[in-house]
S.K.: 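Can you keep this structure in mind? I'll have questions shortly.
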Amino acid sequence: MEPMRDCPLFGGAFSAILPTGAIDVSDLRPVPDNQEVFCHPVTDQSLIVELLELQAHVQGEAAARYHFEDVGGVQGARAVHVESVQPLSLENLALRGCCQEAWVLSGKQQIAKENQQVAKDVTLHQALLRLPQYQTDLLLTFNQPPPDNRSSLGPENLSPPPWSLGDFEQLVTSLTLHDPNIFGPQ
């Protein structure tokens, strides 16, 4: 099993440490240019890194809530519930030099998968890193759907364990900018 690895993102403009077994979804289906999406090989967990236009009309905790509700709208969530919003210490971030403020939000969204009628409560953890000098909000999302009863986690199963909040934290804190030209002319 491969260990965590420092992975290039957005054509090498960024890099971050991804958890064991992360599969690049762009190898499986089209992904928008402003996103990097990774899925767990067994569970329905996913990690998303998005470059979004700075939402200057919202500040602080309200900005984190804005993006959480926006994701819920895009995914057609039937209900969204914020459980907590906390400031994230900039000194722990590899992006501390260009990040003006950072927030971590945890919540639930009721989402039905494609071609399914039944909505499930999906736990989302999001980190919002605000880069106003690049007119960008960097949104990192960890989707944790309820466990699927089909998977067997016996000793014969050599698949990696489900991802943890620690894996998401590692992704957030290790995210590094290598090429600011990704944001266009400044």
S.K.: Is it possible for you to say whether V37 and F68 belong to one hydrophobic cluster, with membership spreading through side-chain heavy-atom contacts below 4.5 Å?
M.R.: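 Per the 4.5 Å side-chain linkage, V37 and F68 are not co-clustered.
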S.K.: Between atom CD of E69 and atom NE2 of H81, what is the distance when rounded to the nearest 0.5 Å?
M.R.: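 The NE2 atom of H81 is 12.0 Å from CD of E69, to the nearest 0.5 Å.
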S.K.: Kindly work out whether a path of hydrophobic side-chain contacts (I/L/V/M/F/W/Y, heavy atoms less than 4.5 Å apart) joins V71 to Y66.
M.R.: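 Unlinked, V71 and Y66 end up in two clusters.
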S.K.: Check step by step if side-chain contact (heavy atoms from CB on, under 4.5 Å) holds for L51 and F14.
M.R.: CA-CA 11 Å; L51 299 173; F14 285 89; 4.0 Å; yes
S.K.: Can you tell if the side chain of W103 reaches within under 4.5 Å of the side chain of P87, non-hydrogen atoms only?
M.R.: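 Of all side-chain heavy-atom pairs linking P87 with W103, at least one is under 4.5 Å.
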S.K.: Taking atom CG of D33 as the centre, report whether more than 12 heavy atoms of other residues, nucleotides or ligands fall under 6.0 Å from it.
M.R.: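 No, because the 6.0 Å sphere around CG of D33 holds 12 heavy atoms or fewer from other groups.
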S.K.: Mind checking what makes side chain to side chain contact (heavy atoms under 4.5 Å, CB included) contact with P41, not counting sequence neighbours?
M.R.: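 Residues passing side chain to side chain contact (heavy atoms under 4.5 Å, CB included) with P41: I23, P160.
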S.K.: How long is the straight-line distance from SG of C99 back to CG of L128, given to the nearest 0.5 Å?
M.R.: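 Rounded to the nearest 0.5 Å, the CG-SG separation comes to 8.0 Å.
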S.K.: Apply side-chain hydrogen bond (donor to acceptor under 3.5 Å, both in side chains) to the pair H67 and Q55, showing each step before the final yes or no.
M.R.: CA-CA 9 Å; H67 283 291; Q55 299 300 313; 5.6 Å; no
S.K.: With heavy-atom distances below 4.5 Å as the criterion, would you say the side chains of L52 and L138 are in contact?
M.R.: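 A side-chain contact is absent here, since even the closest heavy-atom pair is not under 4.5 Å.
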S.K.: Do you know the tightest heavy-atom contact between R130 and G60?
M.R.: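 Scanning both residues, the minimum pair turns out to be NH1-N, 4.3 Å.
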S.K.: Within the structure provided, determine whether T176 and L95 are in side-chain contact (heavy-atom separation under 4.5 Å).
M.R.: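 No. Closest side-chain heavy atoms not under 4.5 Å.
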S.K.: Any chain of hydrophobic side-chain contacts (each under 4.5 Å) joining L165 to L129?
M.R.: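 Both belong to a single hydrophobic cluster.
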S.K.: For the atom pair OG1 (T43) and CD (Q144), what is the distance rounded to the nearest 0.5 Å?
M.R.: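 Taking OG1 in T43 and CD in Q144, the distance rounds to 8.5 Å.
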S.K.: Any non-hydrogen side-chain atom of V25 less than 4.5 Å from a side-chain atom of F38?
M.R.: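 Of all side-chain heavy-atom pairs linking F38 with V25, none is under 4.5 Å.
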S.K.: Could you tell me which non-hydrogen atom of P132 sits nearest to which non-hydrogen atom of Q100, and how far apart they are?
M.R.: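 Minimum heavy-atom separation between P132 and Q100: CG-OE1, 2.7 Å.
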S.K.: Go through it in stages, so that I can follow the logic: the residues are R96 and E91, the test is salt bridge (charged side-chain N to carboxylate O under 4.0 Å, His left out), and I'd like the CA-CA distance, side-chain angles, deciding distance and then a yes or no.
M.R.: CA-CA 6 Å; R96 64 186 159 272; E91 61 199 37; over 6 Å; no
S.K.: Roughly how far, to the nearest 0.5 Å, is CG of L105 from CG of L88?
M.R.: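 Reported value, rounded in 0.5 Å steps: 12.0 Å.
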S.K.: Tell me, do W163 and F168 make a side-chain contact under 4.5 Å, heavy atoms counted?
M.R.: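 No. Closest side-chain heavy atoms not under 4.5 Å.
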S.K.: Starting at CD of Q133, measure out to CG of L54 and round the result to the nearest 0.5 Å.
M.R.: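 The CG atom of L54 is 9.5 Å from CD of Q133, to the nearest 0.5 Å.
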S.K.: Which heavy-atom pair separates A102 from L93 by the least distance, and what is that distance?
M.R.: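 What the structure gives for the nearest pair is CB-CD1, 4.0 Å.
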S.K.: Is it the case that the side chains of T141 and Q126 hold a donor-acceptor pair, with the cut-off being a distance below 3.5 Å and no angle test?
M.R.: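 Short answer, yes.
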S.K.: So how far is it from Q35 CD to E50 CD, rounded to the nearest 0.5 Å?
M.R.: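 Between Q35 CD and E50 CD, I get 4.5 Å after rounding to 0.5 Å.
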S.K.: Between the side chains of H178 and S15, is a donor N or O closer than 3.5 angstrom to an acceptor N or O?
M.R.: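 Result is yes, a qualifying pair exists.
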S.K.: Give a yes-or-no answer on whether the side chains of N92 and T173 include a donor-acceptor pair shorter than 3.5 Å.
M.R.: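 No.
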S.K.: Can you find a pair of side-chain heavy atoms, one from F10 and one from V49, that are under 4.5 Å apart?
M.R.: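 Touching, per the 4.5 Å side-chain cut-off.
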S.K.: Taking 4.0 angstrom as the limit, do R65 and E61 come out as a salt bridge?
M.R.: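 Judged by the 4.0 Å cut-off on N to carboxylate O distance, R65 and E61 do form a salt bridge.
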S.K.: Quick one: are Q135 and F183 in side-chain contact, heavy atoms under 4.5 Å?
M.R.: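 No; the side chains remain at least 4.5 Å from each other.
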S.K.: Assigning hydrophobic clusters by single linkage (Ile, Leu, Val, Met, Phe, Trp, Tyr; side-chain heavy-atom cutoff under 4.5 Å), is L139 placed with V58?
M.R.: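 Cluster IDs for L139 and V58 differ.
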S.K.: Would you kindly confirm whether L9 and I48 end up in one hydrophobic cluster when ILVMFWY residues are joined by side chain heavy atoms under 4.5 Å apart?
M.R.: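 Different hydrophobic clusters.
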S.K.: Quick one: side chain to side chain contact (heavy atoms under 4.5 Å, CB included) partners of Q110, sequence neighbours excluded?
M.R.: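 Result, side chain to side chain contact (heavy atoms under 4.5 Å, CB included) vs Q110: R78, A79, A119, D121.
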S.K.: Using a 4.5 Å cut-off on heavy atoms from C-beta on, say whether the side chain of L171 contacts that of L140.
M.R.: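 Contact flag for L140/L171 side chains = yes.
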